[in-house]
Asks: 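Just dropping this structure here.
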Number of protein chains: 2
Amino acid sequence: MSKAANTRLNILHKAFELIYTKGYQTTSIDEIIATTQVTKGAFYYHFKTKDEMGVAIIEEILKPTMQEHFIKPTEASQDPIEDFYNMISYLLLEDPFLQVKYGCPVGNLTQEMTPWNTKFSEALAELVDLWKATIINSIEKGKEAGLIRKDVIGEQVAFFILSGYWGIRNFGKLQNDNSSYLVYLKELKGYLNGLK
Amino acid sequence: MSKAANTRLNILHKAFELIYTKGYQTTSIDEIIATTQVTKGAFYYHFKTKDEMGVAIIEEILKPTMQEHFIKPTEASQDPIEDFYNMISYLLLEDPFLQVKYGCPVGNLTQEMTPWNTKFSEALAELVDLWKATIINSIEKGKEAGLIRKDVIGEQVAFFILSGYWGIRNFGKLQNDNSSYLVYLKELKGYLNGLK
DNA sequence: TGTTTTTCATACTAATCAGTATTTTTTATG
DNA sequence: CATAAAAAATACTGATTAGTATGAAAAACA
């Protein structure tokens, strides 16, 4: 990778970490260039505006990460019900990057940016649609394989699972411990088993 | 009500509306006093800091509103299952103040403030605990009345319902229309009926 | 090697931010 | 009505914000 491409990626990664923990609006460019050891000139050479950088984070950091961790594994799925549970459980309890205190990066950005910034909305919607479509697809395959009831409606379930995930992330932030996660996961398991 | 108490409440109400639509951090005090037609001197006479005002909004606006609209009605409940559905459905589709585009005020504040501001966290946690406790209580009564299965665990269901609500609010923000609400509500109904 | 283009560095600007100091007006109370 | 206290108005501060102007170093290329 060229040196220039390297500083660009470096900015994106560090900025993403700051934004994940602090929020987008309260993460200043001065703070980003301080932690990246990159000058303002370099920053604005790579990104015209702060928002352009924000969208780049979604497309170049969040999207590939999600593809790799949530989309790909599900495609080779045998038992969707178990996969769904494992996916959420992994995200809540095991993912080494995510922290209870800071919630879900995608959820955070959606909450903060969506009403006022269409560029962010579009980038985030694309991301979430991808995830949703994967779940729906998984359900259809599960129905064919006889693992999921025929009257289950994939879109409904997808919304229900993802909503629950985003919501419980908020509870985690509120309590700053994963006890709410554990309670939630038990009910999720019951709900998912009800789809069989 | 005294004139002073009136300006205080006026500030709280207008500030709340601004914060609901724009977020807390991006709502400036200058903006608040501009829309309230109150001077900075008056503002800082009533509130020592911006954060003190924020907490006051939670305790003096959000809390009473929630008490009135969600806690009280549920206490005289006959059929908790139906009540839960109606509560969420009302919030999503009918509440005249809440807007799809701006999500849930409590959820927004939790997301934005919680990792860094303990005063906000405490005030919000109190609010949410109250709501959660009401749901749990409702479920216990439903179990006694034979309307809900005995093996249903109230706390799990409470987390599940509230998480789903917060999460779907985020989807609404993302898409800026209530189509996702409608899909979600169908699945919620199915889930709730499964508790019978 | 010389020149052009890419990449980065430095110093600045105008706007906005939360909060303060000080004074004036309004209200309550004797 | 006089006085004290409460409430509000005005003008300011220092810090921080995103973004810019301009020039220097580094890399690519002829």
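Lettering follows sequence order; numbering is per chain, from 1.
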Asks: Check the side chains of B/Tyr191 and A/Gln156 for a donor-acceptor pair under 3.5 angstrom, ignoring hydrogens and angles.
Replies: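 Per modelled atom types, A/Gln156 and B/Tyr191 side chains form no pair under 3.5 Å.
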Asks: Choosing from C/dT20, C/dT6, D/dA18, which nucleotide comes nearest the side chain of A/Tyr45?
Replies: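 Nearest listed nucleotide: C/dT6.
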Asks: Looking only at heavy atoms, what is the nearest atom pair of B/Phe159 and A/Ile168, with distance?
Replies: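 Where B/Phe159 meets A/Ile168 most closely, the heavy atoms are CD2-CD1, 3.8 Å.
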Asks: Does a nitrogen or oxygen in the side chain of A/Thr7 sit under 4.0 Å from OP1 or OP2 of C/dC8?
Replies: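 Yes, A/Thr7 has a side-chain N/O under 4.0 Å of OP1/OP2 on C/dC8.
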Asks: Given C/dG19, C/dC8, D/dA9, identify the nucleotide with an atom nearest to the side chain of A/Ala4.
Replies: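 For A/Ala4, the side-chain atoms sit closest to C/dC8.
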Asks: Tell me the interatomic distance from A/Lys48, atom NZ, to D/dA18, atom P, rounded to whole angstroms.
Replies: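 Going from NZ in A/Lys48 over to P in D/dA18 covers 18 Å.
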Asks: Taking only side-chain N and O atoms of B/His46, does any of them lie within less than 4.0 angstrom of OP1 or OP2 on D/dA8?
Replies: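 Answer is yes, contact under 4.0 Å.
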Asks: Without decimals, in angstroms, what is the distance between A/Ile33 CD1 and D/dT17 C1'?
Replies: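 Rounding to the nearest Å, CD1 of A/Ile33 and C1' of D/dT17 are 12 Å apart.
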Asks: Using 4.0 Å as the upper bound for N to carboxylate O, is an ion pair formed by A/Lys14 and A/Glu17?
Replies: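 So A/Glu17 does not pair with A/Lys14 through a salt bridge.
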Asks: For A/Glu52 and D/dG19, give me the distance from atom CD to atom C1', rounded to whole Å.
Replies: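 The distance from CD of A/Glu52 to C1' of D/dG19 comes to 13 Å, rounded to the nearest Å.
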Asks: In whole Å, what is the span from the CZ atom of A/Phe47 to the P atom of C/dC8?
Replies: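 One finds 11 Å between P of C/dC8 and CZ of A/Phe47, rounded.
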Asks: Does the side chain of B/Ser28 get closer than 4.0 angstrom to OP1 or OP2 of C/dT16 through an N or O atom?
Replies: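 Answer is no, no contact under 4.0 Å.
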Asks: Measure from the side chain of B/Thr39, starting at C-beta and using heavy atoms only, and say which of C/dG19, D/dT10, D/dA18 lies closest.
Replies: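 Of the options given, the side chain of B/Thr39 lies nearest D/dT10.
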Asks: Counting any heavy atom closer than 4.0 Å, what does B/Thr27 reach on the DNA or RNA strands: base, sugar-phosphate only, or nothing?
Replies: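 Since only primed, P, OP1 and OP2 atoms lie under 4.0 Å of B/Thr27, the category is sugar-phosphate.
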Asks: Give the minimum heavy-atom separation between B/Thr35 and B/Ile32, together with the two atoms involved.
Replies: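 Minimum heavy-atom contact is OG1-O, 3.1 Å.
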Asks: Hey, is the side chain of A/Lys40 pairing donor to acceptor with the base of D/dG19 inside 3.5 Å?
Replies: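 Such a pair is found, so the answer is yes.
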